[in-house]
Amino acid sequence: MEIELKLLLAPGDAPRLRAHPLLAHYAPGEPQLLLMHDIYVDTPDLQLCRHQAGLRVRQVDGRWVQTLKAGGSVSGGLHSRHEWEGEVAGPQPDLDALDSAIGRRQPLRALLRQDAIRASLQPVFTTRIERTVWQLQTPQGEHIECVLDQGVIESGSGPDARSVVISEIELELKHGQAASLFDVALALLQDVPLQLGHMSKAERGYRLAASQPLRAVKAQPVLLDEGMTVQQAFLSISSNCLAQVSGNQDGVAAGEDVESLHQMRVGLRRLRSALGMFKPLLALPDALQSELDWLGGVLGEARDWDVLAGQTLAQLDGDAAQEAAALAQAARKQARAAHARAAQAISSARYTASMLGLQRWLQAQDWRGNATARQLRRLDAGVLAFARTSLRKDQRRLVKRGKRLLHATPQQRHQVRIAAKKTRYATQFLASLLPSRAVKPYVARLSALQDELGKLNDMQVGDRLLQALADGQRGQAALRLHAAYLRGYLAARAQSPGADSHMHKAWRRFKAARLPV
């Protein structure tokens with residue numbers, strides 16, 4: 001299993017990296033310089049890519065080497081993949097040699113044995129890279145290969161030719177603890193502006209070849225098993241959440257992708273919910289918690305304006321629709337500005353440092369050094385008892401907060417919504433340990449309750465943003481009147497019998513649901 005951390009840097013910052021004192025201090029010899037030409041092959045319909053695999057043949061120093069990478073995961077810039085490599089005679093892959101190297105349990109082996117696949121493999125894109133390699137030996141005994149790659153990915157020819165510049169660092173763990181990768185990355189970041197790299201060269205090449213736009217990444221199911229400890233379950237859950245966060249960072253950094261920002265915020269909320277669920281056993285350091293709060297605030301501001309412009313105002317009808325249309329342009333302008341601030345934040349060294357710090361904390365399992373003996377016993381115990389206890393605790397908290405829902409203030413309704421969201425996330429985190437027939441209806445009723453409470457919360461947030469719009473339009477009396485009208489309209493709608501009826505119907509249905517433990 002290959003474990004590496006990928007970081008991006010501007011081509012103009014490469015000299016700063018080469019001159020970094022860490023490289024001179026930890027690398028015992030001169031760096032190795034290589035010129036590489038890679039040919040990535042796949043079927044015309046990209047069957048290997050569809051199976052999350054990449055097959056390349058590389059020419060380096062007069063030799064040809066084929067490499068197949070498949071499966072694995074990406075979380076916070078840390079890439080873990082299966083890899084099979086070997087020399088070949090020329091620029092064509094040797095599938096028989098791969099067949100011998102791949103383990104029998106790998107699904108990819110059966111795919112590569114199909115005659116149709118073998119016959120249709122063809123070049124899809126190429127890379128031309130100048131590689132500089134430092135072999136780092138840390139004082140703690142870790143061996144890390146630091147690679148600077150600069151070059152280009154190319155696909156197509158003639159009028160259809162496309163290319164993208166490559167300028168990235170790969171820190172690959174050869175021996176030692178994965179946390180050391182983050183120590184080196186954080187040291188480099190002090191002098192060189194870096195960003196986390198989410199996509200491999202193969203993924204970037206496929207995106208270029210297929211002209212694929214960036215797509216928002218939704219949460220994937222968390223797969224736990226009964227043999228896991230509580231700590232192993234936490235690491236699996238947090239890694240899943242971070243994969244959703246990092247999977248959407250390119251879309252957010254690109255500017256105005258509403259869905260990427262929404263999904264990145266969902267990933268961050270899931271992560272914070274997971275940290276809360278395990279807090280009695282392991283507490284996130286205050287400095288990292290502060291950074292997550294900062295990121296949540298940046299993403300939340302943009303999301304609030306998106307909801308106002310794209311949902312709250314857009315869904316109004318009658319006379320209110322005319323008033324809303326007059327304000328929509330001003331709301332969209334605020335949303336664009338908030339997206340620009342979010343893009344700047346995601347592209348900043350602060351974001352990179354916070355994600356590296358969080359991943360280092362997870363990899364080093366730093367919480368164990370401060371844990372009590374009782375906490376350590378619970379962390380090392382089986383996950384099933386923890387799962388049942390956590391879900392019962394969440395259920396009790398939600399039922400307690402919802403007792404006075406009929407006469408609740410907006411703030412009290414908000415607290416019920418937060419409790420419903422945390423309970424839903426916890427149930428989804430632990431779903432693979434629970435009876436699926438019981439989980440689905442329970443989560444469905446939780447989601448329905450959260451949706452109804454969310455609609456009321458959107459109106460409350462909309463009121464606040466409309467007030468902000470009015471305050472920012474001092475020279476435009478008409479817009480201020482439109483905002484005042486809509487604030488009154490939303491307040492009346494939130495207090496209408498219909499809104500209460502839908503909310504209480506969702507609450508009654510949830511209370512009748514059976515906890516899936």
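This is a predicted model, so every value here is computed, not measured.
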Notebook entry, point to check: Do E291 and L358 pass the side-chain contact (heavy atoms from CB on, under 4.5 Å) test, and can you show the C-alpha distance, the side-chain angles, and the key distance before you say yes or no?
Noted result: CA-CA 9 Å; E291 291 303 279; L358 180 59; over 6 Å; no
Checklist line | side-chain contact (heavy atoms from CB on, under 4.5 Å) between Y351 and W294, intermediate numbers included | finding: CA-CA 10 Å; Y351 170 78; W294 161 73; 4.2 Å; yes
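Considering CG of D394 and OG of S273, their distance stands at 7.5 Å, rounded to 0.5 Å. Rounding to the nearest 0.5 Å gives a distance of 11.0 Å between CG of L271 and CD1 of I237. Rounding to the nearest 0.5 Å gives a distance of 11.0 Å between CZ of F278 and CZ of R378. Atom CZ of residue R401 and atom NZ of residue K403 lie 13.5 Å apart, to the nearest 0.5 angstrom. Remark: S180 OG to Q363 CD distance equals 9.5 Å, nearest 0.5 Å. Separating the CZ atom in R368 from the CG atom in L281 is a distance of 10.5 Å, to the nearest 0.5 Å.
At most 12 non-hydrogen atoms from other residues, nucleotides or ligands lie less than 6.0 angstrom from CD of Q177. For K69, the NZ atom counts as densely surrounded, since its 6.0 Å shell holds more than 12 non-hydrogen atoms of other residues, nucleotides or ligands. The neighbour count for D45 CG, taken as heavy atoms of other residues, nucleotides or ligands under 6.0 Å away, is above 12. Heavy-atom contacts from other residues, nucleotides or ligands closer than 6.0 Å to CZ of R109 number more than 12. For R350, the CZ atom counts as densely surrounded, since its 6.0 Å shell holds more than 12 non-hydrogen atoms of other residues, nucleotides or ligands. Applying the 6.0 Å contact sphere to CD of Q212 captures more than 12 heavy atoms from other residues, nucleotides or ligands. Residue Q114 places its CD atom among more than 12 non-hydrogen atoms of other residues, nucleotides or ligands, all under 6.0 Å distant.
Inspection of the Q244 and N248 side chains reveals no N or O donor paired with an N or O acceptor under 3.5 Å. Counting only N and O atoms by type, the side chains of R413 and Q460 include no donor and acceptor under 3.5 Å apart. Between the side chains of T352 and Q195, no donor-acceptor pair of N or O atoms lies under 3.5 Å. Neither side chain, R404 nor Q412, offers a donor N or O lying under 3.5 Å from an acceptor on the other.
Partners of K511 according to the salt bridge (Lys or Arg N to Asp or Glu O under 4.0 Å) rule, which considers only residues two or more places apart in sequence or in another chain, do not exist here. With sequence neighbours excluded, the residues that form a ring pair (Phe, Tyr, Trp, His ring centres under 6.0 Å) with F510 are Y442, W507. Scanning for ring pair (Phe, Tyr, Trp, His ring centres under 6.0 Å) contacts around W361 gives W367, with sequence neighbours left out.
Proximity of L308 to L327: side-chain heavy atoms (C-beta onward) are nowhere separated by under 4.5 Å. No side-chain heavy atom of I117 sits less than 4.5 Å from a side-chain heavy atom of L95. Residues V383 and T229 have side chains not in contact (no heavy-atom distance under 4.5 Å, counting atoms from C-beta outward). R388 places none of its side-chain heavy atoms less than 4.5 Å from the side chain of L430. In this structure, the side chains of L181 and Q359 stay at 4.5 Å or more apart for every pair of heavy atoms. Side-chain contact check for S120 versus P44: some heavy-atom pair is nearer than 4.5 Å. Side chains of H198 and E203 form no contact here, defined as non-hydrogen atoms less than 4.5 Å apart. Side chains of L208 and F125 form no contact here, defined as non-hydrogen atoms less than 4.5 Å apart.
Without hydrogens or angle criteria, R424 side chain to L446 main chain gives no donor-acceptor distance under 3.5 Å. Of the possible polar contacts, none joining the S260 side chain to the V252 backbone as a donor-acceptor pair under 3.5 Å is found. Judged purely by atom type and a 3.5 angstrom limit, T427 uses its side chain to pair as donor or acceptor with the backbone of T423. Distance alone, capped at 3.5 Å, places no donor-acceptor pair between the S347 side chain and the Q344 backbone. Looking only at distances, a side-chain donor or acceptor of Q249 sits under 3.5 Å from a matching main-chain atom of L196. Checking side-chain atoms of T389 against main-chain N and O of F386 turns up no donor-acceptor pair under 3.5 Å. Here the side chain of S348 pairs a donor or acceptor atom with the backbone of A345 at under 3.5 angstrom. No donor-acceptor pair under 3.5 Å is formed between the side chain of R56 and the backbone N or O of V41. Side chain of D225 to main chain of M228: a donor-acceptor pair is present (N/O by atom type, distance under 3.5 Å, no hydrogens or angles).
Residues D42 and R50 are not paired through a salt bridge, judged by the lack of any N-O separation under 4.0 Å between the basic side chain and the carboxylate. A salt bridge links E168 to R204: one of the charged nitrogens lies within less than 4.0 Å of a carboxylate oxygen.
Taking each heavy atom of L299 and L261 in turn, the nearest pair found is O-CD2, 3.6 Å. Nearest heavy atoms, L214 versus A254: CD1-CB, 4.3 Å. In terms of heavy-atom proximity, A331 sits nearest to W305 at O-CE3, 4.0 Å. Residues L46 and Y206 come closest through the heavy atom pair CD2-CE2, 3.7 Å. Nearest heavy atom pair, residue D306 against residue A335, reads OD1-CB, 3.7 Å. Minimum heavy-atom separation, E256 to H339: CA-ND1, 3.7 Å.
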